[in-house]
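Remember, it's a predicted structure, so these values are computed and weren't measured experimentally. As a basis for the values below, the full set of heavy atoms in this structure was taken, side chains included, without hydrogen atoms, waters or symmetry mates.
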Amino acid sequence: MDAKNELKLILDALGEHKVEDVTSIDVHETSPFASYVIIGTCGNPRMLGAIQGHLEDALEKGGVPVTVKEGEPDSGWVIVQGEEVIVHLMLPGNRRMVDLESLLEKIAKKAS
């Protein structure tokens, strides 16, 4: 599966399960590990764990191997990676504190 189809598969799965404030950032010019990074917010640790499981299932059903699974829902931040897309799911406080979007957008602009 190519990167755009994998991106669509993931965005559809996150949309189905009401993940909030989903952002996707094209990093193919700056990252040797992925073409896209997706960041989404989950309301609580229980939702975070459930969405992580749903996302892993959606990737497997779509024929995309899950290559990385990191973090615990109670930590407020989990990462799921397919072949070309890295997904960061965070609780609202973690997302504000880390501000991963700003970092990735600055890196992407420098590459342009």
Side-chain angles (χ1 to χ4, degrees):
M1 177 176 291
D2 70 6
K4 289 193 183 219
N5 287 329
E6 185 178 334
L7 176 67
K8 182 179 179 345
L9 173 78
I10 292 169
L11 291 174
D12 289 348
L14 297 178
E16 279 178 30
H17 295 288
K18 311 291 190 244
V19 175
E20 299 173 3
D21 197 21
V22 175
T23 301
S24 63
I25 301 169
D26 184 339
V27 295
H28 81 276
E29 291 184 17
T30 58
S31 173
F33 306 110
S35 295
Y36 297 94
V37 173
I38 296 175
I39 305 164
T41 303
C42 297
N44 58 60
R46 185 173 171 181
M47 181 183 180
L48 192 61
I51 299 299
Q52 179 184 15
H54 291 303
L55 180 57
E56 290 169 11
D57 290 345
L59 286 167
E60 293 292 336
K61 286 178 185 172
V64 178
V66 175
T67 59
V68 174
K69 295 187 280 189
E70 290 291 331
E72 294 294 327
D74 288 338
S75 74
W77 186 356
V78 297
I79 300 169
V80 177
Q81 182 174 347
E83 292 180 315
E84 292 291 330
V85 181
I86 301 171
V87 181
H88 295 266
L89 299 172
M90 299 181 195
L91 296 180
N94 293 52
R95 187 163 178 179
R96 281 189 304 274
M97 182 177 67
V98 174
D99 194 17
L100 191 56
E101 291 96 331
S102 293
L103 174 64
L104 292 172
E105 288 169 359
K106 285 177 188 174
I107 291 170
K109 284 181 184 175
K110 283 190 173 189
S112 301

Check: residues 62-70 side-chain donor-acceptor pairs under 3.5 Å, at least two apart:
{"residue": "T67", "atom": "OG1", "partner": "Q81", "partner atom": "O", "Å": "3.3"}
{"residue": "T67", "atom": "OG1", "partner": "G82", "partner atom": "O", "Å": "2.8"}

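From L55, atom CG reaches atom CD of E60 across 10.5 Å, with rounding to the nearest 0.5 Å. Between E20 atom CD and L89 atom CG the span is 12.0 Å, to the nearest 0.5 Å. Here I10 contributes atom CD1 and L59 contributes atom CG; the two are 4.5 Å apart, rounded to the nearest 0.5 Å. Between atom CD1 of residue I25 and atom CG of residue L100 there is a gap of 6.5 Å, rounded to the nearest 0.5 Å.
Among residue pairs with one or both ends in residues 4-14, those qualifying as side chain to side chain donor-acceptor pair (under 3.5 Å) are D2-N5, K8-D12; sequence neighbours excluded. Applying the side chain to side chain donor-acceptor pair (under 3.5 Å) test to residues at least two apart or on different chains, the pairs with a partner in residues 39-50 are T41-R95. Applying the ring-ring contact (aromatic ring centres under 6.0 Å, His included) definition to pairs two or more places apart or across chains, those involving residues 47-98 are H17-H54, W77-H88.
Contact of the L104 side chain with the T30 side chain is not registered, since no non-hydrogen atoms from C-beta on lie closer than 4.5 Å.
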Requested in this report: Any chance you could lay out the side chain to side chain contact (heavy atoms under 4.5 Å, CB included) test for V98 and L103, step after step, and finish with the verdict?
Outcome: CA-CA 9 Å; V98 174; L103 174 64; over 6 Å; no

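Shown here are the side-chain contact (heavy atoms from CB on, under 4.5 Å) partners of L91, two or more places apart in sequence or in another chain: P45, L48, N94. D26 meets the side-chain hydrogen bond (donor to acceptor under 3.5 Å, both in side chains) test with H28; sequence neighbours excluded.
Taking all atoms of both residues into account, the shortest heavy-atom contact from G71 to Q52 is O-NE2, 4.5 Å. When every heavy atom of I38 is checked against every heavy atom of S24, the shortest pair comes out as CG1-CB, 4.0 Å. Contact between P92 and C42 at its shortest, heavy atoms only, is CD-O, 3.3 Å. A pairwise comparison of heavy atoms in A3 and E84 identifies CB-CB, 3.7 Å as the closest pair.
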